[in-house]
Amino acid sequence: MKQQPLVSVLMTVYNREKYIAEAIESVINSSYQNWELIIVDDQSKDRSVEIARSYEAIDTRIRVYVNDVNLGDYPNRNKAASYAKGKYLKYLDSDDLIYSHGLEVMVDAMERFPDAGLGINWNKSEMRRPYPQCVSSEDVFKQQFLGTGFFFTGPTGAIIRRDLFEEESGLSELRYIGDFDSWLKFSAKRKVVIFQPALIWWRQHEDQEYQLGLNPKYYLKSTTEIALNHLNNMESPLNHKERKLALYCLKQRQARMFISHLFKLKFKYAISYFNNSALGPLDILKGLLKSKIYFDIDRK
């Protein structure tokens with residue numbers, strides 16, 4: 001029987017005593033069992049470390065580390081990866097869950113497509129082809145920038161080949177949106193595997209980083225800058241004509257969103273949105289026209 005590859009499950013922690021036990025147990029209960037769980041606490045002030053160490057004491061596959069200083073979200077994710085030994089890196093946030101079949105589905109799919117470097121949980125329940133699918137770098141970028149979007153998941157919904165992770169110097173350490181920057185960086189280098197939905201549960205609550213970063217001043221400004229950086233990169237999988245069209249589509253989507261906020265009388269929010277977008281005054285006029293989205297993996 002072929003030996004199953006080791007998977008390093010990486011769990012970063014900061015004040016998650018309410019959720020961390022459930023997160024750890026979801027890994028323990030996985031049908032796939034050749035894993036190591038690396039838990040890195042970022043100077044929590046609650047019982048998170050105590051709870052994590054109670055599981056470390058009963059399962060030798062679990063290792064707990066505590067940072068000397070608080071590193072922050074994405075720097076701590078890279079710190080956790082520095083302890084990993086597995087062929088694959090599987091982030092699981094300490095307030096999320098992975099379903100019992102999730103790890104097995106992800107690893108089996110990545111093994112099936114060895115030329116892929118990243119696997120992500122997809123947000124569509126049905127497609128014209130069965131899951132899993134392996135998508136080229138070019139198609140990923142077309143779907144992201146010329147279609148309806150590609151990356152809808154954070155670290156909990158992804159799995160990464162460790163060799164690619166190390167080649168690309170780990171995750172981007174931009175706060176709030178380091179995952180988006182990283183997924184684009186990784187997918188520009190290798191193919192991406194798409195998994196079916198319902199492999200993980202992404203818990204949403206008011207204390208998570210995602211909620212803190214939703215203000216346009218942070219999320220919109222940062223994602224716009226990242227998109228522009230990747231579209232202006234001459235090594236992008238898109239050609240010059242496609243990059244130019246992608247920039248137009250980006251501005252069209254943002255213009256329509258800005259106009260929508262105005263119609264809802266959210267004037268203060270709309271102004272903040274405009275100031276942190278890629279928009280100019282002329283783009284607002286163009287946004288009144290409906291642009292055609294011409295690419296979608298589901299239609300291929």
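Residue indices begin at 1 and follow the sequence shown.
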**OP:** May I have the step-by-step check of ring pair (Phe, Tyr, Trp, His ring centres under 6.0 Å) for Trp122 and Phe151, ending in yes or no?
**Re:** CA-CA 8 Å; Trp122 197 237; Phe151 296 113; 8.7 Å; no

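- Atoms CG and OH, on Leu250 and Tyr248 in that order, are 12.0 Å from each other to the nearest 0.5 Å.
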**OP:** Kindly determine whether Tyr83 and Tyr65 satisfy ring pair (Phe, Tyr, Trp, His ring centres under 6.0 Å), including the steps that lead there.
**Re:** CA-CA 9 Å; Tyr83 299 117; Tyr65 301 88; 3.7 Å; yes

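- Defined by atom type and a distance below 3.5 Å, a donor-acceptor pair is present between the side-chain atoms of Asp179 and Tyr74.
- Between Asp96 and Arg203 there is no salt bridge, since no side-chain nitrogen of the basic residue lies less than 4.0 Å from a carboxylate oxygen of the acidic one.
- Looking only at atom types and distance, the side chain of Glu104 has no donor-acceptor partner in the side chain of Ser30 under 3.5 Å away.
- Across all their heavy atoms, Leu10 and Ala81 have their closest contact at CD1-CA, 3.7 Å.
- Gln254 and Thr224 share a donor-acceptor pair across their side chains, judged by distance under 3.5 Å alone.
- A salt bridge links Asp73 to Arg77: at least one charged side-chain nitrogen sits closer than 4.0 Å to a carboxylate oxygen.
- In this structure, NZ in Lys244 is found 12.0 Å from CG in Asn239, a value given to the nearest 0.5 Å.
- Salt bridge absent: Arg63 and Glu56 never bring a charged side-chain N and a carboxylate O closer than 4.0 Å.
- Taking the six-membered ring where tryptophan is involved, the planes of His101 and Tyr99 are essentially parallel, since the angle between them stays under 30° and well short of 60°.
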